[in-house]
Asks: 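The structure that follows is given in the form of structure tokens.
A quick note: this is a predicted structure, and the numbers were derived from the prediction, not measured. For ligands, and for the atoms within them, numbers begin at 1 and follow the listed sequence.
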Amino acid sequence: MAGTLYLVATPIGNLEDITHRALRVLGEVDLIACEDTRRTRVLLDHYGIKTRLVSYHEHNERERARELGERLESGLAVALVSDAGTPGINDPGFRLVSESIARKVRVVPLPGAVAFVSALVASGLPTNQFFFGGFLPARSQARRARLAELRNLDATLIFYEAPHRIAQSLADAREILGERVAVVARELTKMHEEIARGSLSELAQKFSDETKARGEMVLIIDRAEIQSESARVATSEDLLARVAALEGEGLDARAALKRAAREFGLTRSEAYRRLVASRKA
Ligand code: SAM
């Protein structure tokens, strides 16, 4: 009977971020396939787990996937972990999963930490639709081309980024996407955790200081829609109500419109056009 491949998420920093089920499975399987045996050993030692380790990383993935596939087919239970987070998410895993499926081996995911999910939910940016792009290309020209492809996507954009490239990526994003709200979530779950929010320009400036651009990081960029999101709200009664409220506070019509336009992120003429339209409606 074919064995089982368990895809086990491990912590992205804080060793407590692992499930009871993950610890039980890691202790029970015949073999744990991992990227760096020394790193995984630290985690296993912390929890007193003695299961045998075998390396499975990007340089031996192809042949190891075949070997492990055979062992799985012969009935072994294997857990796959990566250095951090969920295997298969910008980490090796895909080949072993495909190999297992081809050999009719059962594949069982054990959910847990994923850096970009933690970063997204804490970012304060919309979570209803998002695009996870993995690592942006290392070379500026390719990176800018990639960003240009994503310019009009109606989704929050998420990337993994290396500390020595973050300032340049933020600057490229500012140039290609225009000014947007962004977040750099750094060292999540670790001692120096930081969730830096600001405009792309502000963050590019901040992280051009190498002493600040340290550790592991996730870059999150708001969709272009953010201005028009508030503008869309302003088309309805909101703008009208705000202008009326400001007039009630003593501002004349002109000043009230000017202030409301600024608050809703609109030009004065656009606010006036919407105000007239909504008064007519
Ligand atoms: N498999 C991992 C996951 O589930 O998130 C991702 C592995 S990928 C090779 C490593 C990248 O993930 C880092 O360069 C960084 O961009 C991001 N990352 C991992 N741990 C992080 C953390 N604690 N805080 C912020 N970003 C992290």
Asks: For Phe159 and Phe131, take the angle between the two ring planes, folded into 0 to 90°, and tell me which bin it lands in: parallel under 30, tilted 30 to 60, perpendicular over 60.
Replies: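 Rings of Phe159 and Phe131: perpendicular, as their planes differ by over 60°.
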Asks: Could you verify whether a donor N or O on one side chain and an acceptor N or O on the other, from Glu61 and Tyr56, lie under 3.5 Å apart?
Replies: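 Present: a donor and an acceptor within the cut-off.
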Asks: Consider only side-chain N and O atoms of Glu179 and Ser201, and report whether a donor and an acceptor are under 3.5 Å apart.
Replies: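 Indeed, the side chains of Glu179 and Ser201 share at least one donor-acceptor pair under 3.5 Å.
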Asks: Quick one: ligand 1 N/O to protein N/O pairs below 3.5 Å?
Replies:
residue  : atom   : partner : partner atom : Å
ligand 1 : 1 (N)  : Ala84   : O            : 3.1
ligand 1 : 1 (N)  : Thr86   : O            : 3.1
ligand 1 : 1 (N)  : Ile89   : O            : 2.8
ligand 1 : 1 (N)  : Asp91   : OD2          : 2.8
ligand 1 : 4 (O)  : Thr86   : N            : 2.8
ligand 1 : 5 (O)  : Ala115  : N            : 2.8
ligand 1 : 5 (O)  : Tyr160  : OH           : 2.6
ligand 1 : 16 (O) : Met217  : O            : 2.6
ligand 1 : 20 (N) : Glu216  : OE1          : 3.4
ligand 1 : 23 (N) : Ile12   : O            : 2.9
ligand 1 : 23 (N) : Leu188  : N            : 3.4
ligand 1 : 23 (N) : Leu188  : O            : 2.9
ligand 1 : 24 (N) : Leu188  : N            : 2.9

Asks: So, using side-chain hydrogen bond (donor to acceptor under 3.5 Å, both in side chains) as the criterion, who are the partners of Arg242 when residues are at least two apart?
Replies: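 For Arg242, the residues satisfying side-chain hydrogen bond (donor to acceptor under 3.5 Å, both in side chains) (neighbours in sequence not counted) are Glu263.
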Asks: Give the table of side-chain donor-acceptor pairs shorter than 3.5 Å for residues 9-24, with sequence neighbours excluded, one pair per line with atom names and distance.
Replies:
residue : atom : partner : partner atom : Å
Asn14   : OD1  : Glu16   : N            : 2.9
Thr19   : OG1  : Ala22   : N            : 2.9
Arg24   : NH1  : Glu28   : OE1          : 3.1

Asks: When Ile, Leu, Val, Met, Phe, Trp and Tyr are grouped by side-chain heavy atoms lying under 4.5 Å apart, directly or through other members, which residues fall in the same group as Leu251?
Replies: Leu246
